[in-house]
There are 2 protein chains.
Amino acid sequence: MNSPSSLEALVQALRCLPGVGPKSAQRMAYHLLQRDRQGAGRLAEALKQALERIRHCERCNNFSEEPVCELCRSPRRDPTLLAVVETPADLLMMEQAQCYLGLYFVLMGRLSPLDGIGPREIRLDRLLKRAQDGVVREVILATNFTVEGEATAHYIGELLRTHGLKVTRIARGLPVGGELEHVDAGTLAQAVRERRDV
Amino acid sequence: MNSPSSLEALVQALRCLPGVGPKSAQRMAYHLLQRDRQGAGRLAEALKQALERIRHCERCNNFSEEPVCELCRSPRRDPTLLAVVETPADLLMMEQAQCYLGLYFVLMGRLSPLDGIGPREIRLDRLLKRAQDGVVREVILATNFTVEGEATAHYIGELLRTHGLKVTRIARGLPVGGELEHVDAGTLAQAVRERRDV
């Protein structure tokens with residue numbers, strides 16, 4: 001005896017969510033049908049709306065409902081600075097840190113040759129065109145300090161420099177409030193190598 | 001600067017899923033919009049279909065697309081046996097163990113006074129009516145061996161016995177604190193074979 005087919009279809013469909021296996025998908029489906037039908041309805045509608053409305057901003061490549069997003073259109077941002085981040089979540093973190101008033105380019109990924117993600121997959125041609133608009137004076141590489149993030153920063157740095165652009169990388173070092181005793185050796189070594197005049 | 005409103009609505013809506021907090025919801029939304037728009041579309045449709053079609057079977061209370069589900073309508077099942085389980089997942093485990101050919105009643109929950117779930121919330125009146133159809137000869141309590149599952153079995157046992165029904169409990173072959181959904185089929189089959197009077 002099987003579950004009703006629309007229930008099985010729902011369990012299957014839930015598996016498109018990252019980190020959701022067969023058991024979690026089943027638990028989620030039962031929960032929605034038994035205890036939160038209203039939430040399930042809202043989720044279906046939110047998915048539909050988001051799929052219809054969300055596109056990529058033509059300038060920064062971030063998710064946007066307009067051709068050019070609110071941030072790129074803002075007259076309060078400094079158009080001579082362009083920060084390159086991996087994901088929309090990274091952009092939000094930069095904004096929350098309130099440390100940066102320039103514009104962004106969101107890669108929507110990182111170089112990862114082993115996964116078949118090369119310069120073409122993360123649209124570096126678009127970044128190159130964006131950075132060469134004649135207004136941008138400095139490109140700040142704000143990709144993660146992971147192996148892939150570092151490789152991506154290195155590759156983009158080389159690419160943009162050959163086109164005569166000024167490229168910088170956000171600093172590596174101890175976190176604010178960090179203690180030498182508790183930081184990992186690699187970070188400490190980096191912080192010593194990249195010491196600066198005070 | 002905020003995310004587009006339909007993206008924020010999607011992140012919010014994903015939080016109706018059990019075990020999904022703000023960070024996971026954001027990761028899921030980005031994943032769907034960036035890498036699996038097809039999957040997101042299928043999920044929206046599956047939710048809609050399931051909400052429209054899935055009801056509770058009038059006899060066993062399990063999820064069903066028909067007024068009376070396929071299992072309850074089957075002429076191959078023994079209508080003199082009625083197993084009481086907590087969830088549809090438990091029923092599926094019983095079926096997979098291939099140890100039982102009677103019918104079921106799915107509580108869709110368990111007694112849990114601390115959470116405000118009493119006999120009325122799990123519709124024990126419907127179970128009582130179902131068990132008194134004149135055909136059922138034995139009610140097998142197959143709730144979990146957790147504190148709530150045991151309390152539920154005890155309560156139902158008392159209730160049905162006062163109405164002159166024979167009530168048995170699946171054997172404590174399961175580990176204490178174990179849940180039907182996660183036990184191996186052999187152990188579960190053993191527990192059904194060794195059910196005892198309560």
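In what follows, every chain begins at residue 1, and chains take the letters A, B, ... in the order their sequences are listed. Quantities reported herein were computed from a predicted structural model and do not represent experimental measurements. Any value given below was found using the heavy atoms of this structure, including those in side chains, with hydrogens, waters and symmetry copies removed.
- In this structure, A/L91 is a member of the same hydrophobic cluster as A/F145, with clusters built from ILVMFWY side-chain heavy atoms closer than 4.5 Å.
- By number of non-hydrogen pairs under 4.5 angstrom with chain A, the leading residue of B/D36, B/L51, B/V11, B/N62 is B/L51.
- In terms of heavy atoms, A/A46 sits closest to B/A9 at CB-O, 4.0 Å.
- Contact of B/L32 with chain A is made through the side chain alone, with heavy-atom distances under 4.5 Å.
- Interface residue A/V20: only side-chain heavy atoms are found under 4.5 Å from chain B.
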| side-chain contact (heavy atoms from CB on, under 4.5 Å) between B/I54 and A/R37, worked out | CA-CA 11 Å; B/I54 299 283; A/R37 283 180 171 248; 4.0 Å; yes

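- Considering all non-hydrogen atoms of both residues, A/P4 and B/F63 come closest at CG-O, 3.5 Å.
- Within a 6.0 Å sphere centred on OH of B/Y155, heavy atoms belonging to other residues, nucleotides or ligands number 12 at most.
- With chain B as partner, the option from A/Q49, A/E66, A/H56 having the largest number of non-hydrogen pairs under 4.5 angstrom is A/H56.
- Tracing side-chain contacts under 4.5 Å through hydrophobic residues (I, L, V, M, F, W, Y), one reaches B/L103 starting from B/L128; they form part of the same cluster.
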| said: Go through it in stages, so that I can follow the logic: the residues are B/E181 and A/Q26, the test is side-chain contact (heavy atoms from CB on, under 4.5 Å), and I'd like the CA-CA distance, side-chain angles, deciding distance and then a yes or no. | reply: CA-CA 11 Å; B/E181 193 181 340; A/Q26 194 185 58; 3.6 Å; yes

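- Only the side chain of B/R35 comes within contact range of chain A, judged by heavy atoms closer than 4.5 Å.
- Per-residue counts of heavy-atom pairs under 4.5 Å with chain A were compared for B/A50, B/C69, B/G109, B/G19; the largest is that of B/A50.
- Contact record, B/S6 with A/E65: OG-OE2, 2.5 Å, taken as the closest heavy-atom pair.
- Residues A/A13 and B/R42 approach most closely at CB-O, 4.1 Å, considering heavy atoms.
- The hydrophobic clustering, which links ILVMFWY residues whose side-chain heavy atoms are closer than 4.5 Å, places B/V147 and B/V85 apart.
- In terms of hydrophobic clustering, with Ile, Leu, Val, Met, Phe, Trp and Tyr side chains grouped at heavy-atom distances under 4.5 Å, A/V106 and A/V68 are assigned to different clusters.
- In terms of heavy-atom pairs under 4.5 Å with chain B, the best-connected choice from A/K48, A/Q34, A/E52 is A/Q34.
- Interface remark: A/S5 contributes backbone and side-chain atoms alike to the contact with chain B (heavy atom separation under 4.5 Å).
- No more than 12 heavy atoms of other residues, nucleotides or ligands shown are found within 6.0 angstrom of CD on B/Q38.
- Note on A/K23, A/Q12, A/R15: by heavy-atom pairs under 4.5 Å with chain B, the leading option is A/K23.
- The CG atom of A/L47 sits 11.5 Å away from the CD atom of B/E45 when rounded to the nearest 0.5 Å.
- When every heavy atom of A/G39 is checked against every heavy atom of B/C16, the shortest pair comes out as O-SG, 3.7 Å.
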